[in-house]
Amino acid sequence: MPKVTRRKFVQGSAVAIGGGVVATKFLFGPLETLASAGTTAQAGPVEDVIATTCWIGKQDCGMLARRVDGRVVKFEGNPTNPRNVGTLCPKGQAQIQALYDPNRVKWPLVRTNDKGTTGEWRRASWDEALEMVADRVKEVRDRDPKLVLWQKGRSKAKDFYDDAFVKAIGSSKLGHGAFCSDAGYRALEYTLGTHAVLHPDFRYCNYLLSWGWNITNAGGNKFCWLTWPRHMVKARERGMKITHLDPRLRSAGPFADTWLPIRPSTDLAMALALCHQLIEQDYLDRPYLKAYTNGPYLVSANGMTVTETVGEGDEAEEIPLVWDEASGRVTRTDEATDPALEGEYEIEGRPVKTGFQLFKEHVAQYTPEWAADITGLSAAQIRQVAQDFGSNAQIGSTIVVDGVEVPYRPVGIMAYHMAQQELGFQTARAMTMVPMLVGAVGAAGGQLSDFTWKIHKNYPKFEKLTVEDPPYDFMLNKSKYFPINTGFPGIVAKVMQDPGRYGVEELPEVAILHYVNPLNAFPSQQDYLDSYGIFKFVAVVSPWLSETADYFADVVLPAATIEKYEGPISATDQYTDAVTLRIPPMEPLFESRGEIEIYMDLCEKIGVLFGEDGYLSVVNKELKLTDTEFALPLDQKPDVRDIFDRWAHSQGIDEGIGYFEDPAKGVFVKGPVAPTKMYGYVNDPPFQGAVHRLYGASLLDAQRQMQEKGAEEIYWQDYTALPTWRAPTMDHSPPDYDLILISFHQIEHKQSRTSFVPMLAELAPGARLDMNPEAARQRGIADGDTVIVESHNAITGETRSLVTTAAFCDGIRPDTVGMPHHFGMWTHPQNKGQGASANEIYFTGEGYMTNTADQAFHVKVKVTKGGDA
Amino acid sequence: MRRTITVTLVVAGLALMVIGMLAAAPWGAESVADGDPTFTGAPILFVLGIGSVIGAALLYELLPDRFE
Amino acid sequence: MAKYSMVVDLDLCQGCRACTEACKIENNTGSGIFWMHVFRFEEGEYPETKMSFLPRPCQHCDNAPCVKVCPVGARFKREDGLVLTDFDRCIGCRYCELACPYGVNYFTWQSPEKSHYQDVVDWEDDDLALVTGGLVPPYKNPDLDLKYGEEQRYTAGGNHAKGVIEKCTFCVQRVEKGMNPACVETCPVNALIFGDTDSPDSPISHYLRVRQPWRLLEEAGTHPRVMYVGGKPPNPSLKEIERPKAEV
Amino acid sequence: MAVATQTSGSLLPQGVGRITRTWRLFFLGMILIAGFGLYAYLREVSSGMIVTNMRDTGTMGGAPWGLYVVMVEYFIGVSFAGIVIAAVSRVFRIRELQPISRIAELLTVGSLMVGLLAVLIDLGHPIRGVVNMLLYARPQSPFFGTFMLVAMGVLPASLVYLYLGARQDAAVVAEQPSRLQRLHRLWAAGYSDTEAERLRHRKVMFWLSVGIVPLIVVALSTEGLVFGIQVGRPGWFGSLQGPDFLVLAAASGLANLLVLTAIVRRLLGNTDRIGPSVFKWLGRFLLVAAAAALYFMIVELITLMYATPEHERLLADELIRGSYAWIFWVSIALMAAGLVLLLVQAGTRRWQIGPLVLASVLISTAALAERYLTVIPSQTHATLLPYEPGSYFPNWIEFAVVAGLFALGALLIGLFIKAFPILPLTDDEEVIADA
């Protein structure tokens, strides 16, 4: 494909305009004249195809844009892209309406009225708008770069260009992960070392615990929606069985072989009971537990692992001790030949137990009968799940994959956003222990997390958690509140309202919001209304005017949607390694621009584009171009296309970016992912050398430090070495708040970023409250009635309410109500009448976030008939 | 004469109706042609047929005596 | 002569409605119109609840009631199995719509310019028109303006004029280029299979050798060319949930 | 009253040519209503049928055939009785009905015109409708019956029947000088009342009578077939739809004829020309037709309730208990009430105009409601695929258009009455003897 230049494009447009007038006149006039329109169509249009990458969702599917006279008429899946193999989801299809949406921000806007209310704007030139932002950034940055806060809701493709901006100016950075699945990420980084959450090896898996996985509607770890279901239906054709643990049946649709409607926020109890049962039914992979977990490590009565110091000074290393069955004595792990998994021993007269022994004793209290009361399931159902999981694991078996013999444990868990509950971190840890007990972690057919087994930098860091004294930074890093800190916009909002309470002295002054919409997309709307006005200056980079921009932006910079170069973008389907780029199917519409251009210009104006630590230099590092012949010169502003051309060459692609611009190629397929990379067991060394933490001594250590620094119990109570059940805080709400509100994802929408696309809004038009008919009838509510949903904060006593419409749904627990979470916006004409978002009545802060600073999406509510919709 | 004209018109009308009907509805055809009359405008024949029969009645009464 | 059919594998269908959207873009149908509708059903009381999905394109019946009742032959059956509407012939009586037991027909209640979501997005916006020429919709598919088939009739796409009927064409404009219909092409889990049942080597023929198909409302005697495998025929006890906003 | 004031020195009989103030008001009123209907229709033409409450079946849960089709069925049904009464009374020499034969013919022509206009109004492309029907009409489609047989057959035949049947009278009034003389002369077309002419006239009228009855039965049965051959709509498929249509048509037609006759009688000063025997005959016919109609309604309902296909049962349920129940029970009650009124009169052998008119109004309204129930619920409810039930109720545009159609019909009849003697001036009793 030839490069799209503006001149070419304008020529194309001219033809299109001509054709358009003719078509408009004839097509919609009397039909008899259609013949002439037909002739025009046959005579003229220049048609071509551009290979590009979907922009609207999460997983960046490969697309082919069909163009007529330079105008995109349709996006279709790119068959050569392993990720989606020529298919597209409803969002991918409908995004063409988002592309052409005349309600996009067309040109830079500068606020002309006070903040905190609906914005009034004047049109500005790019130069003026960028200058305004640069001036404010420069001024604050000179005092303390950390007081510039860059916050991202969504950046697509590899985040090199935005990270480079953050690094070049040295700003603080805030993501949206704490609302997503980060508690799960932290739990796995802690437990296994991998940076991901749980998903199975669908190629061989025979028994799947679909644990809160929204199979038919939402994504999952690493992928958006499309690729997982493709794997899932193939596995089911092969005979895989699915047990679905979720308060709603809708999430599994017809794909649940067994539906276990678990009570929200009780997954930890379920996971602990499963561990109890796997031990009781003796489904234990002892060789795995001995060799790859800290189960054999000896733990003293104070809860700490007993170690021996080897070496001196900087070389010194603490090596844990185990009981060596072979020699019958305590030895260092590196010297033991057969460490004992269970048992009580003595070291110098003091009693010690193995970590696994402690685990076993700990879970002994969590019987199925105990869990049945909490989870709302029956003890028999829980036993059955454990038995199915254990028996299907085929402990001890192996399979040959691509010539490599790999342990074979065809059981796994698919879980994703369900980590976002108050006990999320420990829940995700306990859920990981279920496959650990049967040795399924990193096994063929078993429990995977990332696509390749990589150890995240947090894994060693979490061995020693540090808690410091105030003052803290506004994100509460290393604070007594969150020794493990995800970086939580909710807590930043809290801190900004009352910095003294959290021992914070300096607040951020300038915020650059990169396509993020806290006001609507984050729970506890009131906290954002109360805090974002405190920023002295807010710049927003976004294709649409977000609600946050509407209320708080000083300057809005219009970003392009799909019409820009972006990348590199992984095109893997988990089993094949491939990479691609986003190629603009047309010039950016209106005056919008690609983000890379925006950041380069902004850096130039701030004065950090060029030079050694400048933006371009960081880009070189991020794209691994530094010290190669393809490195960007540090003294001239490159063309965005040129950046990717260099990157492509650095990947050994001789055609450079031309390879990706050729629709016949488009995707650079490197080949299948080797089993030695995918399966932890057959890594070299196995599991990349990480010891899986069954017993979390450093968590207990952190708890003690927090207590010493005077943190409240609500912060330290869940820093326990082993996942420990307690009732969630929301259960302390008065009994008339007798329902649990959850929110859910619909396939037609991507968070709050698509509900204004007309075709998607047509399929999933607006908010509703899914209610069990029985529960509704008890409250005198009929299907379609307007209802008031009132939430209660068990800590502060605050109540919040919204009005929506009851939708009868037999596939939901009677004690649970659910709302789709895509609505509640107001800036786009399409938003009119779409109704409220559950985020308006969720709470954040104590009791409603995890101990790792992640948001919980559960709250107790009462639902009554009435209200004005 | 009057009778001849009338009878002719009635017979011709009925014939036209039958022809028009058959041409408009190619009974038994399975294909595409099923949708369309054998020739465009066949239904006009049917209409002319009806007109002819009704016209016959009119003519029978209205024709002046010299057509006797 | 090829005989085109579609198989819908309900064991695979995720009810995602990508097909619905692909169809709408490809055929430029207006708001509230779903040539390819995907039912989402719920049945049974908690906790014995079951869910199912059912994509519903035009069934392209071999014994099509709509073809039989069309007073002017605007609705016709092609020899390759496609049931099409000549929108240049249609008089807008909506008899086909009443005759069809599947509810696949849509009438153009208003002028096409107005029915493309124009209440919320102004496709004729001046700044947008610099690029699109003010086309409505901006993704207007030029293929739809051509004549197709041996008959050379105007049958492709939808929403051409006020007051005519439209429905799924199996994407005649794509089929004639040897491509799959848009819905089939986009289905993320390949639950839709399209092809020539007269050719023993076509994927659809292979499929039908392995799987036993059933048809929607078989008792109506319409002999649909759309076949279903897996799942089960719908019955009145199913409750439709998550209906799209079907308003014009 | 109309006859009370004379406008000119005209000597035309039955108030022909005399336009009173009441008549002026009547014409003006009808023109206003028809004009408003036209305005509503023009809105529909310019904006599309979106301005009505009709919508697609299935996902939209609407009724693509709404009030217009109900009115097509109703008007064409009404037309049935008129011409049949006229023809039957001629063939079977029912002397008592001879005086109202022209009223009957006029009712037929008027309601046919309005009914066919309603067909055009209901089309998305009315002009294309006429052209393409001529070019491509398919006899396989029941619409062929509506268009070819009703529009091109029954209507012209009825017009010819009306025209020829009144020709003798035209010759009589054509001798009176008046503003209408030219029209009357044209109508008389040189009729000079010779023996040969009389003979020819009687022959033609006889054969027309003989021919027109089967034609109208066939043509109108196809109206029932429009629904009867539909497998896709619960409640429609069945061989009873044809006869059912005719029976209801007879009931509604006779009821309207009776009302119109009563009105004409009042207009002409309670003339003895339309005596009690006319109403007795009409009452008897109406009794039979209404009884049959009620019988059909009940039989149909029972069949629906016991039908094996579940959808038929669902539809019955919807009619009996659902959103259409009020229309359903009102229509049954009206039909039954009308029938009881007639039965009482038949039992006492005392036929009175007042109660007869009341019974007619009841029965005609019931028939209209019954037409509605035939057309609408099968579209919005109990669809064969489990679409959510929908709804339809006409909006002001549709009501305005339909009111306009009624006004147009009334205007046609009113104009005729003022342009031509509505009662025959000469008796035609010898017809059969001569034939």
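Labels below follow one simple rule: chain letters A, B, ... track the order of the sequence lines, proteins then strands, and each chain is numbered from 1. Side chains are part of it too, since the values below use all heavy atoms of this structure and drop only hydrogens, waters and symmetry mates.
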Where on C/Ser111 is there a heavy atom nearer than 4.5 Å to chain A: the side chain, the backbone, both, or neither?
neither
Please answer whether the main-chain N or O of A/Gly811 pairs with a side-chain N or O of C/Glu42 as donor and acceptor at a distance below 3.5 Å.
yes
Tell me, for A/Phe255 versus chain C, whether the close heavy atoms (under 4.5 Å) come from the side chain, the backbone, both or neither.
side chain
Go through the atoms of C/Glu48 and report whether side chain, backbone, both or neither lie under 4.5 Å from a heavy atom of chain A.
neither
Check step by step if side chain to side chain contact (heavy atoms under 4.5 Å, CB included) holds for A/Val233 and C/Gln14.
CA-CA 9 Å; A/Val233 292; C/Gln14 307 259 326; 3.4 Å; yes
Worked check of side chain to side chain contact (heavy atoms under 4.5 Å, CB included) between A/Phe808 and C/Ile241
CA-CA 9 Å; A/Phe808 276 20; C/Ile241 58 166; over 6 Å; no
Are C/Asp143 and A/Arg66 close enough, and set up right, to give a salt bridge (charged side-chain N to carboxylate O under 4.0 Å, His left out), and what steps lead you there?
CA-CA 12 Å; C/Asp143 293 354; A/Arg66 181 188 173 206; 3.0 Å; yes
For the CH2 atom of A/Trp259 and the OG1 atom of C/Thr49, what is their distance to the nearest 0.5 Å?
5.0 Å
Just by distance, no angles: are the side chains of A/Gln830 and C/Tyr117 close enough, under 3.5 Å, to form a donor-acceptor pair?
no
Please identify, among C/Gly231, C/Cys16, C/Gly15, C/Pro244, the residue contributing the most non-hydrogen atom pairs under 4.5 Å to chain A.
C/Cys16
Quick check on A/Pro229 against chain C: is it the side chain, the backbone, both or neither that has a heavy atom closer than 4.5 Å?
both
Quick one: what part of A/Glu748 sits under 4.5 Å from any heavy atom of chain C, side chain, backbone, both or neither?
side chain
Identify which part of A/Glu76 has an atom lying under 4.5 Å from any heavy atom of chain C, answering side chain, backbone, both or neither.
side chain
Heavy-atom cut-off 4.5 Å, strictly under: side chain, backbone, both or neither for C/Asn28 against chain A?
neither
Portion of C/Phe34 that has a non-hydrogen atom of chain A nearer than 4.5 angstrom
side chain
A/Glu762/C/Lys24 under salt bridge (charged side-chain N to carboxylate O under 4.0 Å, His left out): CA gap, chis, key distance, verdict:
CA-CA 12 Å; A/Glu762 178 177 73; C/Lys24 297 200 69 157; 2.6 Å; yes
What part of C/Arg243 gets within 4.5 angstrom of chain A, counting heavy atoms only: side chain, backbone, both, or neither?
backbone
Has A/Arg230 got a side-chain atom pairing as donor or acceptor with C/Pro188's backbone, closer than 3.5 angstrom?
yes
